[in-house]
Amino acid sequence: MSVFIGIVGILLLLGVCYLLSNDKKNINFRAIIVLFVVQLVVTLIMFKTTFGNTIVEAISNGVSHVLMYGHEGIRFILGDLVPADGSIFFFNVLLLIIFTSTLLSILTYIRILPIAIKYIGGGLARITGLSKVVTFNSVNSIFFGQSEAFLAIKSHLDKMNRNKLFVVSTVAMASVSASIMGAYMTMIPPQYVLVAMLLNALSGLIITTFMAPTKEAEEEVINIKDASNSKSLFEAISAGALDGGRIALIVAAMLVAYVGLIALVDGLLVAVIGLSFTQLLGYIFSPIAFIMGVPSNEITTAGAIMGTKLATNEFVAMLEFQPLIPGLSAKTVAIVSSFLVSFANFSSIGIISGSIQALNGEKAKVVATFGLKMLLAATFVSILTATVVGLFV
């Protein structure tokens with residue numbers, strides 16, 4: 001029954017996207033069908049085949065093993081301050097971002113990631129008929145955050161029309177950065193982090209192809225040299241470490257602010273109406289959780305976590321979700337975990353606008369005009385990804 005509800009939910013979601021389209025006549029339905037089929041095949045292989053399960057397990061174990069080396073750096077700096085049980089979030093989770101950001105910077109500098117992204121994105125462009133820049137940006141967003149993703153396409157921003165700018169901005173917001181992938185894996189099941197990062201790239205193209213259709217431009221040429229500004233390997237290592245440290249501190253600051261504010265609002269609402277902020281979010285988002293395939297007895301809990309993520313950020317939501325996981329069904333854990341792996345929240349509107357502003361002031365003004373629609377579309381991306389995952393769990 002939950003599979004049927006999930007299918008109906010996907011159809012309803014795509015129907016809403018069609019209604020919100022600003023150019024219904026030029027929607028590339030062929031691209032949407034191809035992307036959706038690829039999405040289903042990838043999810044089926046990852047969750048329902050021995051080969052797929054082996055690959056997912058190998059990647060998860062590989063990432064966990066690599067992160068162990070990152071802990072060596074943390075222990076060297078902090079010594080006995082690092083607890084064996086991993087109870088201090090900043091030490092055992094956030095500081096790992098520095099290590100993973102450094103690895104990502106190295107792989108970018110030596111061109112391994114940019115080359116892979118260029119050819120995978122080019123392949124998507126050929127089979128879908130979508131713009132090469134759009135598909136490159138989508139694949140690029142699997143690895144780089146919403147700020148860094150634009151660097152590789154900065155030379156194309158000036159030529160982008162409103163629709164193409166909406167697509168690249170929405171896909172960037174709907175993604176996450178590989179530099180914080182390890183941190184996510186310490187809070188929610190690793191397999192859902194991996195599949196959501198991949199599916200979000202496809203879901204982003206599906207949703208935005210409905211809402212803001214684009215056309216392929218023959219003159220588009222992707223230059224992978226734009227992916228890294230480092231002049232040497234050691235500069236790349238330094239840049240990655242500093243970027244990771246900056247991200248860790250920003251996340252820590254936001255968690256202090258948001259967790260504290262939620263506690264304050266909870267206290268006020270409980271005193272006034274007898275319901276906490278998270279309980280209210282649960283009731284508001286429970287219908288969405290239901291059409292995504294979450295069992296009816298868990299939709300309020302799932303809705304509360306989803307609402308918290310939208311109102312604050314994914315880290316706050318994951319921290320609230322983590323202790324609930326053992327008591328929830330496998331389907332709810334899969335759907336909610338997949339939904340959380342995304343930057344789609346209100347604060348990201350400013351981050352996207354600021355990132356574009358740093359590269360092209362005129363285009364930043366355009367982005368500012370569709371900020372809320374961009375957030376809505378990015379949230380739709382998370383819903384689509386999570387619902388598809390729920391079909392196979």
Side-chain angles (χ1 to χ4, degrees), residues 1-44 47 124-125 127-131 134-135 137-138 141 162-164 166-175 195-216 285-294 299 302-303 306 310 331 334-336 338-342 344 370 372-393:
M1 184 63 180
S2 62
V3 173
F4 173 75
I5 293 173
I7 293 172
V8 172
I10 290 172
L11 294 175
L12 287 174
L13 176 64
L14 298 182
V16 171
C17 291
Y18 176 80
L19 293 175
L20 293 175
S21 176
N22 61 14
D23 188 6
K24 295 181 177 64
K25 293 182 179 179
N26 287 312
I27 293 176
N28 188 338
F29 288 102
R30 172 177 170 268
I32 290 170
I33 292 171
V34 170
L35 289 166
F36 193 66
V37 169
V38 171
Q39 195 174 52
L40 292 176
V41 170
V42 167
T43 312
L44 175 65
F47 288 128
L124 271 180
I127 66 175
T128 61
L130 296 174
S131 158
V134 165
T135 54
N137 177 73
S138 178
S141 294
R162 184 182 178 88
N163 274 15
K164 191 171 290 186
F166 177 83
V167 172
V168 298
S169 299
T170 299
V171 170
M173 181 186 283
S175 67
V195 73
M197 290 178 68
L198 181 59
L199 294 189
N200 280 345
L202 301 173
S203 295
L205 290 175
I206 292 171
I207 297 298
T208 54
T209 298
F210 265 115
M211 297 180 67
T214 61
K215 297 180 180 179
E216 182 179 11
F285 283 87
S286 57
I288 298 175
F290 178 75
I291 66 168
M292 291 169 67
V294 174
I299 57 174
M306 291 163 57
L310 182 62
K331 185 174 287 290
I335 291 173
V336 176
S338 302
F339 179 87
L340 296 181
V341 184
S342 155
F370 55 62
L372 288 176
K373 186 177 181 180
M374 177 173 61
L375 175 58
L376 178 64
T379 303
F380 284 170
V381 171
S382 295
I383 291 173
L384 178 58
T385 289
T387 307
V388 169
V389 169
L391 297 178
F392 295 92
V393 176

Locate the shortest heavy-atom distance separating [X] from [Y]; write the atom from each residue and the value.
X    : Y    : value
S175 : A172 : OG-O, 2.7 Å
P213 : I27  : CG-CG1, 3.8 Å
I335 : G293 : CD1-C, 3.7 Å
A196 : S338 : CB-O, 3.7 Å

* Asked: Should V341 and V195 count as side-chain neighbours, where that means a heavy-atom distance under 4.5 Å?
  -> no

* Asked: Tell me, do L205 and L124 make a side-chain contact under 4.5 Å, heavy atoms counted?
  -> yes

List in chain and number order the residues that pass side-chain contact (heavy atoms from CB on, under 4.5 Å) with [X], two or more places apart in sequence or in another chain; answer none if no residue qualifies.
X    : value
V42  : V38, M46, L198, L199
L376 : L20, F380
T170 : F166, T208, M374, A377, A378
L372 : F346, I349

So, taking the atom named [atom1] in [X] and the one named [atom2] in [Y], what distance separates them when rounded to the nearest 0.5 Å?
X    : Y    : atom1 : atom2 : answer
D23  : T214 : CG    : OG1   : 10.0 Å
I207 : I32  : CD1   : CD1   : 8.5 Å
I10  : L40  : CD1   : CG    : 7.0 Å
F36  : L202 : CZ    : CG    : 11.0 Å
I33  : T209 : CD1   : OG1   : 12.0 Å
N137 : K164 : CG    : NZ    : 11.0 Å

Per-pair distances, 0.1 Å, donor-acceptor, side chain in residues 384-393, under 3.5 Å, sequence neighbours excluded:
{"from": "T385", "atom 1": "OG1", "to": "N200", "atom 2": "OD1", "distance (Å)": "2.8"}
{"from": "T385", "atom 1": "OG1", "to": "S203", "atom 2": "OG", "distance (Å)": "2.8"}
{"from": "T385", "atom 1": "OG1", "to": "V381", "atom 2": "O", "distance (Å)": "3.3"}
{"from": "T387", "atom 1": "OG1", "to": "I383", "atom 2": "O", "distance (Å)": "2.6"}

* To do: Say whether, by atom type as modelled, one donor and one acceptor occur between the side chain of S286 and the main chain of G303 under 3.5 angstrom.
  =>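 It does not hold such a pair.
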
* Donor-acceptor contact present, side-chain S138 to main-chain V134, <3.5 Å -> no

* I would like to know whether N22 and N163 meet side-chain contact (heavy atoms from CB on, under 4.5 Å); could you show each step before the answer? => CA-CA 9 Å; N22 61 14; N163 274 15; 2.8 Å; yes

* To do: State which residues pass side chain to side chain donor-acceptor pair (under 3.5 Å) with N28; sequence neighbours excluded, sorted by chain then number.
  =>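 Expected list: none.
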
* Can you spot which of V34, I206, L44 makes a side-chain contact (heavy atoms from CB on, under 4.5 Å) with Q39? =>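 Looking at V34, I206, L44, the match for Q39 under the side-chain contact (heavy atoms from CB on, under 4.5 Å) is I206.
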
* To do: Determine whether the side chains of S342 and S382 contain a donor N or O and an acceptor N or O closer than 3.5 Å.
  =>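 Side-chain D/A pair, S342 to S382: present.
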
* Asked: Aromatic rings F210 and Y18: how do their planes relate, parallel, tilted or perpendicular, breaks at 30° and 60°?
  ->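 The arrangement is perpendicular - the two ring planes meet at more than 60°.
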
* Assess whether side-chain contact (heavy atoms from CB on, under 4.5 Å) is satisfied between V167 and L130, documenting all intermediate values. => CA-CA 11 Å; V167 172; L130 296 174; over 6 Å; no

* Counting only heavy atoms not in F290, do more than 12 fall under 6.0 Å of its CZ? -> no

